[in-house]
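Source: prediction; values computed, not measured. In what follows, chains are A, B, ... by sequence order, proteins preceding strands, each numbered from 1.
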Amino acid sequence: MASATAHHDDHPSGIMRWLTTTNHKDIGTLYLWFALIMFFVGGAMSLIIRTELWQPGLQFVNPDFFNQMTTVHALVMVFGVVMPAFTGFANWQIPLMIGAPDMALPRLNNWSFWLLPPAATLLMISLFVPGGGPAAGWTLYAPLSTSGSPGMGMDFTILSVHLLGMSSILGSINIIATILNMRAPGMNLLKMPMFVWSWLITAFLLLAAIPVLAGAVTMLLTDRHFGTTFFNAAGGGDPVLFQHIFWFFGHPEVYILILPAFGVVSQIIPTFARKPLFGYVSMVYATATIAFLSFIVWAHHMYTVGMPLAGNMFFMFATMLIAIPTGVKVFNWVATMWRGSMTFETPMLFAVGTVFTFTMGGLTGIMLSLAPVDTQYHDTYFVVAHFHYTIFGGSVLALMGAAYYWMPKWTGHMYNETLGKWHFWLTVIGFNLTFFPQHFLGLAGMQRRVPDYGLQFVEFNQWSTVGAFLLGISQILLLVVVIKCIKGGKKATTQVWEGAEGLEWTVPSPAPYHTFATPPKIR
Amino acid sequence: MARSKKQVERSNRRTAMVLTAVAVAVFGFGYALVPLYDLFCDITGSRYNVQASQATSAPGTQGETRQVTVEFSAHTSSQLPWEFRPLTREVKVKPGETVIVKYFARNTSSETVTGQAVPSVLPAQANSHFRKLECFCFSQQTLKPGEAKEMPVRFYVDQKLPAGVNTITLSYSFFRTDVKSKPRSAVIEDRAGTARRGS
């Protein structure tokens with residue numbers, strides 16, 4: 001903490017530089033590489049899932065391993081890819097965007113990153129212990145995760161979730177402290193860029209949701225080994241209680257995954273439409289409203305557990321309310337583009353793609369919010385399609401857009417525009433080919449998390465598998481673009497993009513190791 | 001009015017401390033959800049009740065013309081090696097009248113096993129009007145290897161039962177309480193039981 005504002009011009013090199021670094025740019029880079037590696041790990045798991053689902057019957061893996069793949073794929077993608085990647089962007093960009101010399105608590109920042117590799121290792125080890133990895137689904141529902149998973153793989157997973165949670169709590173404390181205390185003089189809250197705003201709100205969501213998850217998995221652990229019966233009916237507990245506690249965390253969690261993506265889109269679209277963001281203040285309030293609502297809608301994941309009618313009705317109407325602030329945001333993005341002088345460089349393609357696919361995921365979300373219809377859709381591929389449209393089509397596309405948008409500032413080189421555009425189009429085509437047919441599969445009744453299916457579902461599943469491999473293989477392009485951009489390329493200017501505005505575009509490209517040692521002047 | 005380095009560090013530390021306290025409090029809140037959940041279920045009456053009714057006997061059926069069908073069902077946890085079923089499928093009762101029915105349980109394993117039955121009543125609005133005077137679910141039950149037992153349930157339906165409820169289902173789930181679940185073997189079998197199809 002002592003070095004919050006201190007500066008050293010020399011720093012250790014080699015591996016020690018990365019292990020001991022307290023520099024926000026170094027830590028941001030670490031987060032982003034970690035997320036990229038885990039993206040390929042989690043992606044490989046999804047390809048195992050899709051391979052098994054190429055045909056009905058059991059072809060390649062046994063059902064237990066299939067369940068482990070669906071579980072670990074989800075845990076990796078949520079906790080190992082999307083959350084660390086956005087934290088990486090927060091580390092790199094928030095100090096640059098608010099004119100701060102570094103994060104508020106640099107040493108804590110180092111810790112919150114270095115908790116992640118052990119957490120990921122624990123999760124991966126769980127796949128190789130006797131009894132196998134967690135197979136209860138990422139939601140870890142009791143009793144599947146208690147008496148249903150006697151192997152030690154589940155314990156590894158629980159401890160891994162503890163570490164991942166601790167990392168993101170520390171990260172969010174740091175982000176809040178940075179945004180509240182380290183802004184350059186004159187940058188009041190309503191002058192902050194939208195990405196910073198969305199991260200401030202996300203960090204509060206993390207702080208209010210992740211400890212509840214930590215509590216839930218701790219209860220699982222004590223139920224498993226220390227004789228408590230929180231979720232065991234024989235001892236007076238209730239398995240449904242686990243679902244309530246889990247989703248009390250779980251629903252804010254999905255907004256934790258998407259709000260920073262909203263922030264990214266709100267940065268990219270004004271740049272390439274060459275117009276200021278339409279309705280900035282309404283964007284801020286809409287984001288805060290979504291965050292608030294996220295805490296009172298959790299049981300819409302549980303319409304089929306037998307809640308009283310009044311409960312179902314409350315959660316249904318509260319959920320439908322979320323469509324209003326979300327609609328405000330989509331409207332504002334479209335209004336920002338309206339009559340703008342738009343150009344479609346790769347970041348803009350990804351941003352517009354995000355708005356488009358996320359809106360589709362939002363609409364299927366409204367369908368799922370309806371308690372009477374959800375009874376049919378529950379636990380089908382319709383749900384799988386829905387959350388992949390929001391999390392891949394929303395968060396991951398936005399992450400990629402953000403990477404293309406800020407990479408020239410980080411490396412000092414322009415990325416290869418042709419490859420970038422190829423990457424975009426292959427990604428959206430592969431993505432839609434994978435997940436669009438799953439809507440139909442779900443509506444027709446194909447259940448999720450089952451390695452086998454009825455013969456009538458063959459064609460759509462094969463489309464989906466082809467799409468998944470197209471999507472997976474085209475991500476190699478992303479890796480190629482990133483490496484090429486680090487190695488060289490056209491020199492990036494200070495402003496990088498013609499329409500870019502904000503403090504991060506006033507420092508040279510590549511951004512020097514230390515920036516804003518003296519606070520910038522805000523107009 | 002730029003603040004000094006010291007001032008910034010102090011406010012950073014204060015913010016971090018406050019936020020850490022928030023995180024700890026939220027962790028506690030997660031645990032507080034457990035009693036809150038019980039409380040909520042009690043208030044809304046949507047929770048099964050393993051306690052005996054306050055009354056010691058049924059109030060009688062004076063002035064009651066309704067007939068309500070009470071159905072009985074039984075479920076056994078996969079970890080409890082018992083045969084467990086109701087001896088009566090359904091009875092027609094007048095609200096206020098005391099009724100006795102019996103459930104049958106037999107230990108099919110070669111070890112002594114203890115279990116706990118958890119009742120539930122449907123529809124939910126009948127839950128608080130279904131009064132158990134005597135029930136095997138009030139305590140744990142132990143059966144020796146091969147032992148069989150008939151277990152009575154004495155109950156009445158109180159007269160405040162909302163009109164329109166003509167059928168009530170009483171269901172018991174029996175759980176094992178004496179051992180932890182057995183570990184799954186390291187060799188994973190084809191648990192779905194689906195043989196390879198096709199070529």
How far does CG of B:Leu33 sit from CG of A:Leu241, to the nearest 0.5 angstrom?
-> 7.5 Å

Quick one: salt bridge (Lys or Arg N to Asp or Glu O under 4.0 Å) partners of B:Arg66, sequence neighbours excluded?
-> B:Glu64

With B:Thr142, which residues qualify under side-chain hydrogen bond (donor to acceptor under 3.5 Å, both in side chains), at least two apart?
-> B:Thr114

What do you reckon, are the aromatic ring centroids of B:Tyr37 and A:Phe242 less than 6.0 Å apart?
-> no

In terms of heavy-atom proximity below 4.5 Å to chain B, should A:Phe204 be classed as side chain, backbone, both, or neither?
-> side chain

Which heavy atom of B:Thr177 sits nearest a heavy atom of A:Ala234, and at what distance?
-> CG2-CB, 3.6 Å

With a 4.5 Å heavy-atom cut-off, do B:Asn12 and A:Met182 have their side chains touching?
-> yes

With chain A as the partner chain, list the residues of residues 159-169 of chain B whose heavy atoms fall under 4.5 Å from it, by residue number, and write 'none' if nothing qualifies.
-> none

Over all heavy atoms of both residues, which pair between B:Val26 and A:Leu207 is shortest? Give the atoms and the distance, please.
-> CG2-O, 3.8 Å

Under 3.5 Å: donor-acceptor pair, side chain of A:Asn181, backbone of B:Val8 | no

Could you name each residue pair satisfying ring pair (Phe, Tyr, Trp, His ring centres under 6.0 Å) that touches residues 105-134 of chain B, not counting sequence neighbours?
-> B:Phe130-B:Phe155

Mutual orientation of the aromatic rings belonging to B:Tyr31 and A:Phe230 [parallel < 30°, tilted 30-60°, perpendicular > 60°] = perpendicular

Mind checking the CZ-CG spacing from B:Arg14 to A:Leu180? Nearest 0.5 Å is all I need.
-> 11.0 Å

Separation between CG (B:Leu19) and CG (A:Leu206), nearest 0.5 Å, reads 12.0 Å

So do the side chains of B:Phe27 and A:Thr218 get within less than 4.5 Å of each other, counting heavy atoms only?
-> yes

Heavy-atom distance under 4.5 Å to chain A: side chain of B:Ser77, backbone, both or neither?
-> neither

CD/B:Gln116 to OG1/A:Thr229 distance, rounded to the nearest 0.5 angstrom?
-> 10.5 Å

What are the two closest non-hydrogen atoms of B:Phe175 and A:Ala233, and how far apart are they?
-> CE1-CB, 3.4 Å

